[in-house]
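Worksheet for the structure shown next.
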Amino acid sequence: MNYWLMKSEPDEFGIEDLKQRPDQIEPWDGVRNYQARNMMRDQMKVGDLAFFYHSNTKPPGIVGIVEIVREGYPDPTQFDPDDKHYDPKSDPEKPRWYLVDVKFKAILPRKVTLHELKRQPQLEGMKLLARGNRLSVMPVEPDHWAHIIALAEQDPAG
DNA sequence: GCCAACGTTGGC
DNA sequence: GCCAACGTTGGC
């Protein structure tokens, strides 16, 4: 089983929005980056867990955990001319963009901020912290995952 | 196939 | 709101 990190702007769709969905499931649509697409299409499996990361907010950080409940399938928004993620170049016979469905698992006891993550020597090499990283979906190493879970359960000062 | 222009991401 | 980083587009 694999671990992931998925970014979302809470003004658009935050962990609270997911929690309030009737079935607590949401298609992770709108991703228009080939690397992220490849991971959702080819690598994410049912039962994998992902951190829910709030970007473009103050402060940015990891706020919760979701579970992959449906594996890669074509993102329907690419074919909807009224959707802001519409892609007129995508051929329905050979869809360009894929997504997964995620389900709410937990809100962490506290937000683990980006600032705090950067101060952790144990997290050296984490993709999220790489210079210039802009991926909205990325893998997380199991030991990094465990360290972040432990951080969330302890006092921010500690 | 190169690369300048342009658009987007996302922290600050 | 700024801007660095980086992906995509399109002319040549």
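Being a predicted model, the structure only gives us computed values, none of them experimental. Both backbone and side-chain heavy atoms feed into the values below; hydrogens, waters and symmetry mates do not.
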Kindly determine whether A:Val31 and A:Met40 satisfy side chain to side chain contact (heavy atoms under 4.5 Å, CB included), including the steps that lead there. CA-CA 10 Å; A:Val31 173; A:Met40 292 201 290; 3.6 Å; yes
Any side-chain donor paired with an acceptor under 3.5 Å for A:Gln120 and A:His147? yes
Would A:Trp97 and A:Tyr34 count as a close aromatic pair, with their ring centres under 6.0 Å? yes
Non-hydrogen atoms of A:Ala106 and A:Ile15 that approach each other most closely: O-CD1, 4.1 Å
Want to settle it: does A:Asn56 or A:Lys89 sit nearer the 5' end of DNA chain C, counting the closest nucleotide to each? A:Asn56
Could you tell me which non-hydrogen atom of A:Leu135 sits nearest to which non-hydrogen atom of A:Asn133, and how far apart they are? N-OD1, 3.3 Å
Decide whether A:Arg119 and A:Thr113 meet the rule of one side-chain donor and one side-chain acceptor closer than 3.5 Å. no
Apply the salt bridge (Lys or Arg N to Asp or Glu O under 4.0 Å) test between A:Asp75 and each candidate in A:Arg96, A:Arg32, A:Arg37; give the one that qualifies. A:Arg32
Using a cut-off of 4.0 Å on non-hydrogen atoms, how would the nucleic acid contact of A:Lys58 be classed: base, sugar-phosphate, or nothing? nothing
Specify the residues of residues 130-140 of chain A, ordered by number, for which at least one heavy atom lies under 4.0 angstrom from an atom of DNA chain B. A:Arg134, A:Leu135
Going 5' to 3' along DNA chain C, which nucleotides are the first and last within contact of chain A (any atom under 4.0 Å from a heavy atom)? C:dA5 to C:dG10
Just wondering, do A:Pro59 and A:His115 contact through their side chains at under 4.5 Å, heavy atoms? no
